[in-house]
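Notes follow the structure.
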Amino acid sequence: ISTDSLRYLAAESARKLNAFAVSESYYRDIINTKMDEENPEILYYLGEVCAKQSKYNDAVSFYNKYLALGDNDTIRTLAKAGLASAQWAKANNNKKDPLIKIQPINSKVNSDQNEMNVTFYKNSLYVTTMRYDENDKKSDPIKKGSRIIKFSEQNQESQDIEKGLIDANSNVAHISFTPDGSRIFFSKCDYLENSTQLTCSIYTKVKLGETWSASKKLNSTINAPNSNNTQPHVTLDPLTGKLKLYFVSDRKLGKGGTDIYSSVFTSEDEVTIPENMETINTIGNEYSPYYNARRNVLYFSSDGYSGFGGLDIFKYFFAPKDSIHILNLGASVNTSYDDLSFSIDSAARNGYLASNRPGSRYIDETLKACCFDLYKVSLIPATIDLEVFTFDAFDSLAINGTTVTVQELDEKGAVIFSQTNEKGSNFNLKITEDKKYRIIATKNGFVSDTIDFSTIDPKDFGKITKNLYLTQIKELNVS
């Protein structure tokens with residue numbers, strides 16, 4: 001076997017291990033050689049590994065070179081998609097949001113193996129991990145087992161799993177609690193006989209006092225035969241108030257590799273026919289659905305849209321603004337590596353994601369290959385300027401001497417501003433994103449005016465202007 005053939009095999013192996021820098025080096029060694037001429041797909045793969053390292057200019061160049069020479073229809077389709085994605089990433093890579101902070105969870109949670117998902121429930125983190133234990137190492141071939149372990153959200157100290165919550169010696173992952181905590185859903189995967197290939201199904205358990213029921217596999221409506229069904233996320237359907245299950249499946253007649261489906265529970269065991277979420281799914285792969293009720297948004301990961309590389313995290317607006325249904329979370333969240341399993345708290349302020357981005361722990365420091373770590377995401381509320389004007393409702397002329405009060409519309413109803421302007425009709429203050437407010441304008445001799453408004457998920461963070469109109473009280477002279 002020739003030296004160039006060995007380099008090609010090394011490049012391919014490194015690429016499949018996500019050791020992109022090593023792969024790029026080997027690929028570049030065989031450019032402009034006989035190996036390159038006989039295998040033009042090398043140019044495509046060079047574009048891919050460059051894009052994975054945020055080398056978008058190089059990626060564009062190699063994709064274009066392949067498109068000029070390669071004739072494989074499948075790879076040409078991939079190259080065109082890669083080219084469009086690299087060009088998009090070039091234009092958006094520097095658009096960072098200073099209000100989004102991301103940092104890895106400490107080493108008590110992350111290991112040198114894969115940590116793929118975290119669910120937070122009642123101040124605890126339920127982490128899906130693929131770290132080895134002694135039983136894994138004794139299998140032949142060695143098989144990784146996924147398991148769920150529990151940590152304190154506050155200090156990441158290890159905690160004991162609730163009695164009966166997780167079945168011993170099972171490959172379980174992606175636990176999801178119902179909002180009232182009375183039921184869980186999770187993936188359970190089994191190895192095919194004499195193979196390292198897994199097949200996954202979705203199971204449920206019901207809380208029974210201080211313990212949990214036996215695992216129960218959902219029926220074939222959810223667990224379609226001859227397919228993988230995994231990554232369940234359960235929430236309340238805002239339309240019906242019933243339990244709604246989002247999940248991922250590679251079942252037949254899907255739109256792409258893996259698609260996101262949704263189904264509503266009509267009783268404890270019966271569900272509606274799963275709906276393929278066609279507005280989200282692509283010919284690529286979609287993973288890790290997560291619904292946030294406050295935003296009415298479904299977060300998910302995909303490699304089927306233009307993005308920064310690999311899997312990016314997106315959000316789908318059920319009630320879109322300006323017809324924008326799907327939005328990439330941007331360069332502050334996504335990287336050129338794989339980013340997935342995004343989840344966020346009910347207030348939409350603190351969340352988590354899994355990523356194999358630089359900074360994650362490696363199973364091999366030399367190759368810089370593998371693995372996924374968990375990261376905490378903090379979304380700092382933006383400060384927004386608010387200007388209030390007061391007018392006479394009769395002639396729309398400005399009114400001086402009005403008192404304007406602004407309060408938050410929550411359980412506390414805190415008054416954040418109250419001021420009388422004797423010399424003018426305008427009032428300036430700063431408010432915070434992600435809240436509901438009420439403005440009240442009053443003046444002796446006038447009927448007051450009130451406006452309620454929201455800064456939840458605004459279109460932008462520009463100044464907000466509100467006009468209030470007071471009606472003068474006039475005495476009727478009947479003499």
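Just so it is clear, the model here is predicted, and its values are computed rather than measured.
Taking the ring pair (Phe, Tyr, Trp, His ring centres under 6.0 Å) definition, one finds that Tyr56 meets it with nothing, sequence neighbours left out. Residues forming a ring pair (Phe, Tyr, Trp, His ring centres under 6.0 Å) with Phe177 (at least two apart in sequence, or on another chain): Tyr121, Tyr126. Take Cys200 and apply the disulfide bond (SG atoms under 2.5 Å apart) test, not counting sequence neighbours, and it matches Cys189. Residues satisfying the salt bridge (charged side-chain N to carboxylate O under 4.0 Å, His left out) criterion with Asp345, sequence neighbours excluded, are absent altogether.
Between Tyr316 and Phe314, the gap from one ring centroid to the other reaches at least 6.0 Å.
Within the 3.5 Å criterion, the main-chain N or O of Arg294 finds no donor-acceptor partner in the side chain of Ser346. The backbone N or O of Gly310 sits nowhere less than 3.5 Å from a side-chain atom of Asp303 that would complete a donor-acceptor pair. Between the side chain of Asn110 and the main chain of Ile105, a donor-acceptor pair closer than 3.5 Å is present. In this structure a side-chain-to-backbone donor-acceptor pair under 3.5 Å is present from Thr258 to Glu286. Side-chain N or O atoms of Gln231 include one that pairs as donor or acceptor with a backbone N or O of Ser288 at under 3.5 Å. Ser332 places a side-chain N or O within 3.5 Å of a backbone atom of Asp97 that can act as its donor or acceptor partner. A donor-acceptor distance shorter than 3.5 angstrom exists from the side chain of Tyr437 to the backbone of Thr432, with no hydrogens or angles considered. Remark: the backbone N or O of Gly351 is not paired with any side-chain donor or acceptor of Ser343 at under 3.5 angstrom. Checking side-chain atoms of Asn72 against main-chain N and O of Thr74 turns up a donor-acceptor pair under 3.5 Å. For the pair Lys430 (side chain) and Thr383 (backbone), a donor-acceptor distance under 3.5 Å is absent.
The shortest side-chain heavy-atom distance between Ile273 and Thr221 falls under the 4.5 Å cut-off. Two residues are said to be in side-chain contact when any heavy atoms from C-beta on lie closer than 4.5 Å; Lys80 and Leu67 meet this criterion. With a 4.5 Å cut-off on side-chain heavy atoms, Asp338 and Tyr287 do not count as touching. Contact annotation: the side chain of Met130 never approaches that of Phe372 to less than 4.5 Å [non-hydrogen atoms, C-beta and beyond]. In this structure, the side chains of Thr455 and Phe461 stay at 4.5 Å or more apart for every pair of heavy atoms. Between Pro98 and Ile380, every side-chain heavy-atom pair lies at or beyond the 4.5 Å cut-off. Side-chain contact between Leu218 and Phe185 is present, with at least one heavy-atom pair separated by less than 4.5 Å. A heavy-atom distance below 4.5 Å is not found between the side chains of Val248 and Phe300.
Rounding to the nearest 0.5 angstrom, the gap separating the CD atom in Gln87 from the CG atom in Asn57 is 10.5 Å. Atoms CG and NZ, on Asp237 and Lys244 in that order, are 4.5 Å from each other to the nearest 0.5 Å. Distance check, rounded to the nearest 0.5 Å: CD1 of Ile313 to OG of Ser301 gives 4.5 Å. Residue Leu46 holds its CG atom at 9.0 Å from CG of Asp58, rounded to the nearest 0.5 Å. For the atom pair OG1 (Thr199) and CG (Asp250), the distance works out to 8.0 Å, reported to the nearest 0.5 Å. Here the CG atom belonging to Asn334 is positioned 10.5 Å from the CG atom belonging to Asn93, to the nearest 0.5 angstrom.
Phe151 approaches Gln156 most closely through the heavy-atom pair CD2-O, 3.3 Å. Between Ser454 and Ile456, the shortest heavy-atom distance links the atoms OG-N, 3.0 Å. The two residues Tyr337 and Lys52 come nearest to each other via the heavy atoms CE1-O, 3.1 Å. What you find for Asp373 and Ser111 is that their closest heavy atoms are OD1-O, 3.5 Å. Of all the heavy atoms in Phe317 and Leu327, the pair that sits closest is CE1-CB, 3.9 Å. The two residues Lys150 and Asp160 have their closest heavy-atom pair at CD-O, 3.5 Å.
Residue pairs satisfying the ring pair (Phe, Tyr, Trp, His ring centres under 6.0 Å) criterion with at least one member in residues 59-84, sequence neighbours excluded, are listed as follows: Tyr44-Tyr63. Among residue pairs with one or both ends in residues 215-251, those qualifying as ring pair (Phe, Tyr, Trp, His ring centres under 6.0 Å) are His233-Tyr290, Phe247-Tyr261; sequence neighbours excluded.
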Query raised in the report: Between Ser249 and Asn229, is a side chain to side chain donor-acceptor pair (under 3.5 Å) present by the stated rule, with each step listed?
Result: CA-CA 5 Å; Ser249 179; Asn229 304 280; 2.8 Å; yes
Query raised in the report: Could you go step by step and tell me if Ile344 and Val377 meet the side-chain contact (heavy atoms from CB on, under 4.5 Å) rule?
Result: CA-CA 8 Å; Ile344 196 164; Val377 184; over 6 Å; no
Query raised in the report: Could you walk me through whether Leu353 and Ile102 pass the side-chain contact (heavy atoms from CB on, under 4.5 Å) check?
Result: CA-CA 9 Å; Leu353 61 83; Ile102 294 184; 4.2 Å; yes
Requested in this report: List the steps and the verdict of side-chain contact (heavy atoms from CB on, under 4.5 Å) for Lys55 and Glu24.
Outcome: CA-CA 11 Å; Lys55 298 179 180 180; Glu24 179 191 359; 2.8 Å; yes
Query raised in the report: Asn296 and Tyr291: side-chain contact (heavy atoms from CB on, under 4.5 Å), yes or no, with the steps?
Result: CA-CA 7 Å; Asn296 194 20; Tyr291 178 75; 2.8 Å; yes
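By the neighbour-count criterion of 12 heavy atoms within 6.0 Å, atom CG of Asp180 is densely surrounded, having more than that number from other residues, nucleotides or ligands. Summarising the local packing, CG of Leu69 is surrounded by more than 12 heavy atoms from other residues, nucleotides or ligands at distances under 6.0 Å. The number of heavy-atom neighbours closer than 6.0 Å to CG of Asn155, taken from other residues, nucleotides and ligands shown, is above 12. Shown here is Ile1, whose CD1 atom has more than 12 heavy atoms of other residues, nucleotides or ligands within 6.0 Å. For Asp410, the CG atom sits in a packed shell: over 12 heavy atoms of surrounding residues, nucleotides or ligands are nearer than 6.0 Å.
The closest side-chain donor-acceptor pair between Asp339 and Thr335 falls under 3.5 angstrom. With hydrogens and angles left out, the side-chain atoms of Glu115 and Thr129 include a donor and acceptor closer than 3.5 Å.
Checked against Glu12 for a side-chain hydrogen bond (donor to acceptor under 3.5 Å, both in side chains), the options Tyr26, Tyr45, Tyr27 give a single hit: Tyr27. The side chain to side chain contact (heavy atoms under 4.5 Å, CB included) test with Thr119 is passed by exactly one of Leu125, Ile175, Ile184: Ile175.
Between Asp36 and Lys65 no salt bridge is recorded (no basic side-chain N to carboxylate O distance below 4.0 Å). Taking 4.0 Å as the cut-off between side-chain N and carboxylate O, Lys34 and Asp4 do not count as a salt-bridged pair.
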